[in-house]
Novice: 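Dropping a structure here in structure tokens format, bear with me for questions.
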Amino acid sequence: MKKMLAAVLHDFNNLVLEEVAVPQPVNYGEVVVRIKACGFCATDYKAITGRRRNVTFPFIPGHEPSGIVAAVGPGVTHFKEGDEVIVQPSGYCGMCEDCRSGNTHYCKYAFTTGGDGPVDVWDGAFAEYMKTKENTLFHKPVNLSFDEGALAEPLSGAWKGVIQYSGMTLGEDVVIIGTGGIGLMCLMVARAAGAGKLIAIDTSEYARRQALALGATHALNPLDKNIKEQVYDILPRGPDLIIEAAGPIEAVKLMVNLRRRGTRWNVFGITTHETFELDGGLTHFLEGRMDASFGTTPLAMTRSIHLMETGLIDIKKTISHRFPLARIHEAVAAMAIPERNKVMVNP
């Protein structure tokens, strides 16, 4: 049986590089992809370090891949061996009510490759090969690198949250709390969509510098005692839209504190089960709208790929580190440092 190198998580903080069997596309619609690039998401990092506990071992993480079709199973008609592809991590049946309504990420029969959300979790892309289904694949445009293609999934989440769900429109003033990898993508989407004033908030000086370089009009430190005053000095009316893309509960609490009447706010970054309080009467009279966004859909993936293909977003500017799969533990260590944006793994 053919073997491949993979990073296998056997327990929290126990990620092991080892030889495992190459997956085979034996069932209807299955495809095996030779992985060329995979983004390292905070969701992966939380699973590896134990902050995210809904993990069944052993498990191969990595859910932001691109690569080349290596083998196809029965019934595959739209892709063939040798095709360069971008992979959506969330698989879906296509036939249930949610799928037919366009909400494939709600599918009751969903699976995920290396990610989070569905109960059915397949091995991911911190490996030389990965198995998925044909309907998760997109043809990679020839003018995009594999690294860029791998970032279509997180960029699609940013588009889905900022544009599709929170409805950002031309000229609106936007605050992005947290400008790591996904926060920068939210910022770039907002910039491309014509944001007016665009305020980045992050504890990291490095992240603030990166945000300014990629289109923020202002960058603030949330640890400043007068952070709300600073925001309202820049935006006397207050923000039209606030995106929380940081993760810690403190970021959500700051978002709640920055609202004015009519502010829309999106709980995007936090994925752990922590709580925050809302003043019911104040929330009622502010008449704001809270959204949240997780996962992606074929529509969001298509929009994301088009944004990169047309040059509206230069996603490679978000990449700060690259590691071969054999140095996966260095990639894990890089995820813990503040001076990084998007970490890429290249099997």
Side-chain angles (χ1 to χ4, degrees), residues 1-74 76 79 81-91 110-137 146-147 149-150 153 321-335 343-347:
M1 183 178 292
K2 188 177 178 183
K3 297 286 187 176
M4 67 174 183
L5 184 66
V8 183
L9 189 64
H10 288 275
D11 201 346
F12 300 121
N13 295 301
N14 185 19
L15 187 68
V16 180
L17 277 170
E18 58 187 68
E19 294 282 320
V20 301
V22 174
Q24 300 299 314
V26 295
N27 295 315
Y28 189 89
E30 290 183 344
V31 176
V32 171
V33 177
R34 178 162 63 92
I35 304 300
K36 298 292 288 183
C38 185
F40 204 140
C41 180
T43 300
D44 301 313
Y45 184 68
K46 290 175 182 178
I48 292 168
T49 58
R51 187 174 176 192
R52 177 165 73 85
R53 310 298 291 187
N54 59 334
V55 181
T56 300
F57 306 109
F59 167 61
I60 300 176
H63 64 274
E64 298 175 354
S66 65
I68 300 171
V69 174
V72 298
V76 174
F79 294 86
E81 291 183 23
D83 284 351
E84 297 183 351
V85 294
I86 294 167
V87 186
Q88 175 180 313
S90 49
F111 69 93
T112 180
T113 47
D116 188 12
V119 174
D120 187 9
V121 180
W122 296 17
D123 283 333
F126 287 165
E128 293 178 301
Y129 294 86
M130 185 191 78
K131 183 170 69 173
T132 186
K133 289 189 177 180
E134 180 183 25
N135 65 358
T136 71
L137 301 184
F146 284 107
D147 280 0
E153 191 272 341
H321 294 75
R322 291 180 174 88
F323 297 94
L325 179 60
R327 294 168 56 196
I328 187 67
H329 295 99
E330 293 177 57
V332 174
M335 289 293 294
V343 175
M344 300 300 300
V345 177
N346 302 105

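Values in this document were obtained by computation on a predicted structure and should not be read as measured data.
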Novice: Can you name the closest pair of heavy atoms from A47 and V55 and give their distance?
Specialist: CB-CG2, 3.8 Å
Novice: Working to the nearest 0.5 Å, report the span between CD of E64 and CD1 of I86.
Specialist: 12.0 Å
Novice: Any chance you could measure E153, atom CD, to C38, atom SG, to the nearest 0.5 Å?
Specialist: 9.5 Å
Novice: For Q24 and E30, which heavy atoms make the closest approach, and how far apart are they?
Specialist: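 Here Q24 and E30 meet closest at O-OE1, 3.8 Å.
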Novice: If you take all heavy atoms of V69 and F79, which pair is closest and at what distance?
Specialist: CG2-CB, 4.5 Å
Novice: Using a 3.5 Å distance criterion without hydrogens, assess whether the side chain of N346 forms a donor-acceptor pair with backbone atoms of K36.
Specialist: yes
Novice: Just verifying a value: how many Å separate Q88 CD and N135 CG, rounded to the nearest 0.5 Å?
Specialist: 8.0 Å
Novice: Is there a side-chain contact between V332 and Y45 (heavy atoms, below 4.5 Å)?
Specialist: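 Yes; the side chains approach each other to less than 4.5 Å.
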Novice: Do Y129 and K2 have side chains that get closer than 4.5 Å, going by heavy atoms?
Specialist: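 In contact.
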Novice: Out of the candidates D44, T43, D116, only one should pair with H63 under the side-chain hydrogen bond (donor to acceptor under 3.5 Å, both in side chains) rule; please name it.
Specialist: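 Output: one option passes, namely D44.
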Novice: Taking the six-membered ring for Trp, are F12 and F57 parallel (under 30°), tilted (30 to 60°) or perpendicular (over 60°)?
Specialist: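 Geometry flag for F57 against F12: perpendicular rings.
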Novice: For the residue pair M344 and F146, establish whether any side-chain heavy-atom pair is separated by less than 4.5 Å.
Specialist: no
Novice: I need the minimum non-hydrogen distance between P58 and H10, along with the two atoms involved.
Specialist: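 Looking at all heavy atoms of both residues, the shortest contact is CB-ND1, 4.1 Å.
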Novice: Could you check whether any side-chain heavy atom of D120 comes within less than 4.5 Å of a side-chain heavy atom of T112, counting everything from C-beta outward?
Specialist: no
Novice: Could you tell me if the side chain of V121 sits less than 4.5 Å from the side chain of T56, heavy atoms only?
Specialist: no
Novice: Would you mind reporting whether L137 and V33 have side-chain heavy atoms less than 4.5 Å apart?
Specialist: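 Touching, per the 4.5 Å side-chain cut-off.
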Novice: Using modelled atom types and a 3.5 Å cut-off, is there a donor and acceptor pairing between side-chain atoms of H329 and backbone atoms of L15?
Specialist: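 Yes, the answer is positive, given that a donor and an acceptor are paired below the 3.5 Å cut-off.
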Novice: About how many Å separate CD of E128 and CZ of R34, when rounded to the nearest 0.5 Å?
Specialist: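 Between atom CZ of R34 and atom CD of E128 there are 9.5 Å.
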Novice: Go through T49 and N13 one step at a time and tell me if the side chain to side chain contact (heavy atoms under 4.5 Å, CB included) criterion holds.
Specialist: CA-CA 5 Å; T49 58; N13 295 301; 4.0 Å; yes
Novice: Kindly indicate whether the side chain of D123, heavy atoms from C-beta on, has any atom under 4.5 Å from the side chain of M130.
Specialist: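 They are not in side-chain contact.
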Novice: Can you see which heavy atom on K131 is nearest to which on P25, and at what distance?
Specialist: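 That would be CD-CA, 4.3 Å.
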Novice: To check you understand the geometry: which heavy-atom pair defines the closest contact between A150 and A37, and what is its length?
Specialist: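 The answer is CB-O, 3.8 Å.
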Novice: Given the rule in the side chain to side chain contact (heavy atoms under 4.5 Å, CB included) test, do K3 and V20 qualify, once you have shown the distances and angles that lead to the verdict?
Specialist: CA-CA 5 Å; K3 297 286 187 176; V20 301; 5.9 Å; no
Novice: Can you confirm whether F126 sits close enough to I35 that some side-chain heavy atom of one is under 4.5 Å from a side-chain heavy atom of the other?
Specialist: no
Novice: In Å, rounded to the nearest 0.5 Å, how long is the span from CH2 of W122 to OG1 of T136?
Specialist: 8.5 Å
Novice: Please evaluate residues H321 and F40 with respect to the criterion side chain to side chain contact (heavy atoms under 4.5 Å, CB included), reporting the C-alpha separation (whole Å), side-chain torsions for both, the decisive distance (0.1 Å), and the verdict.
Specialist: CA-CA 10 Å; H321 294 75; F40 204 140; over 6 Å; no
